[in-house]
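The sequence lines fix the lettering, A, B, ..., with proteins before strands; numbering per chain opens at 1. All values below were derived from every heavy atom in this structure, side-chain atoms included, with hydrogens, water molecules and symmetry-related copies excluded.
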2 protein chains.
Amino acid sequence: MNIEDLKSRVKSGGYKITPQRKAILTVLLEHRGCFISVEKICEETRKIHPEINITTVYRNLDIFENLHIVHKIFIDEGVSRYDIISVDAHHHHIICKGCGKTEVIEFCPLGDLVGLAEEKKFTLTGHKIELYGFCDKCKKKNDGAGK
Amino acid sequence: MNIEDLKSRVKSGGYKITPQRKAILTVLLEHRGCFISVEKICEETRKIHPEINITTVYRNLDIFENLHIVHKIFIDEGVSRYDIISVDAHHHHIICKGCGKTEVIEFCPLGDLVGLAEEKKFTLTGHKIELYGFCDKCKKKNDGAGK
DNA sequence: TTTGGTGCAAAGCGTTTGCACCCGC
DNA sequence: GCGGGTGCAAACGCTTTGCACCAAA
């Protein structure tokens, strides 16, 4: 997936290609594999398009979410984070609590759980499996600091 | 677990027993098994102690979380929800998207995932498995409404 | 040219904080 | 009586909205 693919998906969604949108998409591609905060996205986008306003970033992330270009999550209270969707199949995540780095797990261990849910008369519509921890880099940093 | 147990846990945590705290704990017990929002907790608590302020509810839920009496989650953007902890062992949840009703799953299918995480050089510190769906009651309600 | 997109400022909303008063122990 | 607890109001931080101007197609 590259910037041209993304631009054509935005276009075929009925949206115009503006320099702001191009810049945000570029940033998202550069940070593929991390759930980064809106504030960080805005900051990074300003390196490409200095005049962009955070309102525009919010509005466009919302559009990109509807176009299934990004995935939005709430790890922390009160902050939304986004990552570009690079795997179409059903999958889960390992998320670094240090830097937000994300690895995709394509395996899903859900079989037995579905049976349990049915026993409890729940009709499942979705599920979320998230593993938290520290990636190699953050672990080394923390070990060094003694915490 | 009953209200007396909870009161003694609050007391031995070094906190006083006030009518407000008693009322919030009572509400939490009555809603055991649901992740309910702070606003709902406040509303319900007012049926017992009409003058309680939402600030007090926030402050005490925070204390109860530190005492491991309640579990806080963020299902929705911008709203925290709490449920009283009734199972001490490691476990997961099935959460009804209709009413917030929660069932505990004591089984954890994580074995294979831990191996995958290690391959990717992640040091795991925790994980969350949440299944979303509709409980029996909400499903019937939705079926009736045609949606 | 036309209509959607953007920037700015203000509003919204859940949550937290400051402070004077209150009350459990 | 002391020190933590509460209510109220104001502040906070992230997000959304209203509106006039701008620019992609």
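Among the heavy atoms of the strands lying under 4.0 Å from A/Arg59 is at least one base atom, whether or not backbone atoms are also near. Here B/Glu39 lies out of heavy-atom contact (under 4.0 Å) with every strand. Nucleic acid contact class of B/Thr55 (heavy atoms, under 4.0 Å, all strands): base. A/Ile17 comes within 4.0 angstrom of sugar-phosphate atoms only, judged by non-hydrogen atoms across all strands, and of no base.
In this structure a side-chain-to-backbone donor-acceptor pair under 3.5 Å is present from B/Arg9 to B/His68. Remark: the backbone N or O of B/Val38 is not paired with any side-chain donor or acceptor of B/Arg81 at under 3.5 angstrom.
For B/Glu30, the CD atom counts as densely surrounded, since its 6.0 Å shell holds more than 12 non-hydrogen atoms of other residues, nucleotides or ligands.
For B/Arg46 and D/dG7, the CZ to C1' distance is 11 Å, given to the nearest whole Å. Protein atom CZ of B/Arg81 is 12 Å distant from nucleotide atom P of C/dG14, rounded to whole Å. In this structure, the NZ atom of A/Lys7 is 14 Å from the C1' atom of D/dA25, given to the nearest Å. Between the CD1 atom of A/Ile54 and the P atom of D/dT17 there is a distance of 16 Å, given to the nearest Å. Distance A/Leu61 CG to D/dT16 C1': 14 Å, rounded to the nearest Å. Taking atom CG on A/Asn53 and atom P on D/dT17, their separation rounds to 15 Å, with Å as the unit. At whole-Å resolution of the value, NZ in B/Lys72 and C1' in C/dG14 are 11 Å apart. Rounded to whole angstrom, the span from the OH atom of B/Tyr15 across to the C1' atom of D/dT6 amounts to 15 Å.
For B/Ile52, taking side-chain heavy atoms from C-beta onward, the closest of the listed nucleotides D/dA25, C/dC25, D/dG7 is D/dG7. Checked against D/dT6, D/dG3, D/dA24, the side chain of B/Thr18 finds its nearest nucleotide in D/dT6. When distances run from any side-chain atom of A/His49 to the nucleotides D/dT6, D/dA24, C/dG7, the shortest one goes to C/dG7. Closest approach to the B/Lys11 side chain among D/dG7, D/dA25, C/dC25 is made by C/dC25 (side chain taken as heavy atoms from C-beta onward).
Across the interface with DNA chain D, nearest-nucleotide mapping of B/Lys16 and B/Glu51 shows B/Lys16 to be the residue nearer the 5′ end.
Look at B/Gln20 and you'll find a side-chain N or O under 4.0 angstrom from OP1 or OP2 of D/dG7.
Contact check for B/Ile63 versus B/Asn66: no side-chain heavy atoms found under the 4.5 Å cut-off.
Salt bridge B/Lys7/B/Glu4: present, at least one basic N to carboxylate O contact under 4.0 Å.
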